[in-house]
Chemist: 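Following this message is one structure expressed as structure tokens.
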Amino acid sequence: MPVFGLIDGNSFYCSCERAFKPSIQKKPVVVLSNNDGCSIARTAEAKALGVKMGEPYHVCKERPELSDVVWFSSNYVLYGDLSRRFYLSLAERLPKVEPYSIDEMFIDLSGFDDVAGLCALLRSEVMRVAKIPTCIGWGPTKTLAKLANAIAKKHTELNGLCDLTNEQTRKNWLDRLDIDEVWGLGKQNCAKLHKLGVRTIADFVALPPEHVQKLLSVVGKRLQLELKGQSCLSFADMETNKKSIATTKSFGRVVTQWKEMREVIATYATRAAEKLRAEGLQAGYLSVFIHTNRHSGDPYYSNQRGAVIEPTYDTAVLITESIRLLKPLWKNGYRYYKAGIILNDLSCLSNQSDLFSTYDKEKSGTLMQVLDDINARYGRGTLRPSSTALRPSWGARSAMRSPRYTTHLDEIVKARSW
DNA sequence: TCTGGGGTCCTAGGACCC
DNA sequence: TCTGGGGTCCTAGGACCC
């Protein structure tokens, strides 16, 4: 029988910040979203003080009881690098590790005699190598592993481990836990189920499957089977490619001029193209959106447009197409606050020139390779299209970003300051 | 002044085809 | 009076996740 495990980092972004700052080990720590907009990671101490997930920073700042909180702008370069170390320390000891997000991985624990002993070892290794405290849950399906992990996190007396392979143990928990603990049952679905009087996970599991499918589609039906111990979600094939690549960001200040918006879109398209090439992919569908801020009281306007394009990974082509899509979206007089580019219909790139191609793919490939090589060596933005901005005035704020300790030599930890 | 960014999967409905 | 049906592809939008 397969055993699925889920390991995840506790308050991952905060733990990354703590890894290089012993002075904040016991302090309440919060990491903020892009643009220092709202809270996205909180330590237990910060949660105890009442900092909510997604709470705006400008509101938190005014609360006197939060004066001791240590705030950080997000530092994705640092978190990404520690996530890589986290992954490597697991991959060294396990046959299959499937990263699910930056801070959690599914692991294959099938066939081990002492799973609890192994998991305790994995936790201490991740702590040693990446300085990240973790929890591990496991069971016969992914959904149960995820649930076990949530239990381990909440119940500190379990020492970070929770085993749901035993049917009786499982039943005890399912009787006690509310349906909103289930991975995949969100607000809307829980509301539907509450209307039917379904409260606990055991209640949900007891519903007739046809009934569940009618209410929650095949997703709900699958969830129910998974909770019963019948595995429907297998380990993902690591070869499977991404379905979409996006660069969507709010600005550090509102944008009101067409000239600036054109620069935004060119910059985002350039970044999206870099991500695309880093994955060895090309895109066959491109969409662009812009909107104003719906919270600010400004007149709200939001629009989006997409188009099928000849599959490409070429920055210049993607910029041209993006600007073409942007033109009909633009309306003078609005205070724009966010824009984005989304690439879809991704396929592995081929260098063979298409018979009907309107541009020279071989030449484009060479040029992009040179561009990426130079930027890899000398830093992103060393070589860039003239329509883009390197440090634009509309760029995001991140006043409280910690040093990128592990990836930038000039930002390395100082053992002693002179 | 100030409320994230980047993903996945599923469904419905229109266009088009024979 | 009676005016097909079934299939595919594309796109938009909803719900969910971290």
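A, B, ... follow the sequence lines: proteins, then strands. Residue 1 opens every chain. Treat the numbers as computed from the prediction; the structure is a model and nothing was measured.
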Chemist: Base, sugar-phosphate, or nothing for D36(A), non-hydrogen atoms under 4.0 angstrom?
Modeler: nothing

Chemist: Which residue in the set D8(A), I7(A), L122(A) passes side-chain contact (heavy atoms from CB on, under 4.5 Å) when paired with T134(A)?
Modeler: I7(A)

Chemist: Nucleotide by nucleotide, 5' to 3', does protein get under 4.0 Å of the base (B), only the sugar-phosphate (S), or neither (-) in nucleotides 4-9 of chain B, counting heavy atoms?
Modeler: BSSSSS

Chemist: Does the ring centre of Y100(A) sit less than 6.0 Å away from the ring centre of F106(A)?
Modeler: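 Yes, close enough.
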
Chemist: For DNA chain C, which residues of residues 197-216 of chain A approach it to below 4.0 angstrom with any heavy atom?
Modeler: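 Listed by number, there are none.
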
Chemist: For V182(A), answer base if it contacts any base atom (sugar-phosphate contacts may also be present), sugar-phosphate if it contacts only those atoms, and nothing otherwise; contact means non-hydrogen atoms under 4.0 Å.
Modeler: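 Sugar-phosphate contact only.
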
Chemist: Using a 4.0 Å heavy-atom cut-off, does V254(A) contact any base of the nucleic acid, only the sugar-phosphate backbone, or nothing at all?
Modeler: nothing

Chemist: Between S217(A) and P56(A), which is nearer to the 5' end of DNA chain B once each is assigned its nearest nucleotide?
Modeler: P56(A)

Chemist: If I take atom NZ in residue K142(A) and atom P in nucleotide dC18(C), what distance separates them, rounded to the nearest angstrom?
Modeler: 13 Å

Chemist: Within the structure provided, determine whether Y336(A) and M261(A) are in side-chain contact (heavy-atom separation under 4.5 Å).
Modeler: yes

Chemist: With respect to the phosphate group of dC17(C), does any side-chain polar atom (N or O) of K146(A) fall under 4.0 Å of OP1 or OP2?
Modeler: no

Chemist: Hey, are the side chains of L66(A) and R63(A) touching, using non-hydrogen atoms and a 4.5 Å cut-off?
Modeler: yes

Chemist: Classify F12(A) by what it touches in the nucleic acid, base, sugar-phosphate, or nothing, heavy-atom distance under 4.0 Å.
Modeler: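 Contact class for F12(A): none.
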
Chemist: Would you please indicate if the ring centroids of Y76(A) and Y13(A) are separated by under 6.0 Å?
Modeler: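 Aromatic pair counts; centres sit under 6.0 Å.
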
Chemist: Given atom CZ of R63(A) and atom P of dT3(B), what is their separation to the nearest angstrom?
Modeler: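 Taking atom P of dT3(B) as the reference, CZ of R63(A) is at 18 Å.
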
Chemist: With a 4.5 Å cut-off on side-chain heavy atoms, are H194(A) and I179(A) touching?
Modeler: yes

Chemist: Reckon D8(A) touches a base, only the sugar-phosphate, or nothing at all at heavy-atom distances under 4.0 Å?
Modeler: nothing

Chemist: Give E55(A) one of three labels, base, sugar-phosphate or nothing, depending on what nucleic acid heavy atoms sit under 4.0 Å from its own.
Modeler: nothing

Chemist: Evaluate whether atom CZ of R93(A) has more than 12 neighbouring non-hydrogen atoms of other residues, nucleotides or ligands under 6.0 angstrom away.
Modeler: yes

Chemist: Whole angstrom is fine here: how far is it from CZ in F289(A) over to C1' in dA12(C)?
Modeler: 15 Å

Chemist: Are W71(A) and Y57(A), when compared by the centres of their aromatic rings, separated by less than 6.0 Å?
Modeler: yes

Chemist: When you measure from every atom of DNA chain B, which of residues 319-327 of chain A have a heavy atom less than 4.0 Å away?
Modeler: none

Chemist: Quick one: are the ring centres of Y334(A) and Y300(A) less than 6.0 Å apart?
Modeler: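 They do not qualify: ring centres at least 6.0 Å apart.
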
Chemist: Please report the distance separating the C1' of dG4(C) from the corresponding atom of dC17(B), rounded so that it comes out in whole Å.
Modeler: 14 Å

Chemist: Can you tell if the side chain of E263(A) reaches within under 4.5 Å of the side chain of S387(A), non-hydrogen atoms only?
Modeler: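 No; the side chains remain at least 4.5 Å from each other.
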
Chemist: Could you tell me if the side chain of I342(A) sits less than 4.5 Å from the side chain of F289(A), heavy atoms only?
Modeler: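 The answer is yes; the side chains approach within 4.5 Å.
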
Chemist: Please state how far atom CZ in R335(A) lies from atom P in dT3(B), giving the value in whole angstrom units.
Modeler: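 The answer, rounded to whole Å, is 11 Å.
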
Chemist: In Watson-Crick or G-U wobble terms, both distances under 3.5 Å, what is the partner of dC18(B)?
Modeler: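 With both distances under 3.5 Å, dC18(B) matches dG5(C).
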
Chemist: Side chains of L343(A) and S244(A), heavy atoms from C-beta outward: is any pair under 4.5 Å?
Modeler: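 No, every pair of side-chain atoms sits at 4.5 Å or beyond.
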
Chemist: Students often get this wrong, so: under 4.0 angstrom with heavy atoms, is L185(A) touching a base, only sugar-phosphate, or nothing?
Modeler: sugar-phosphate

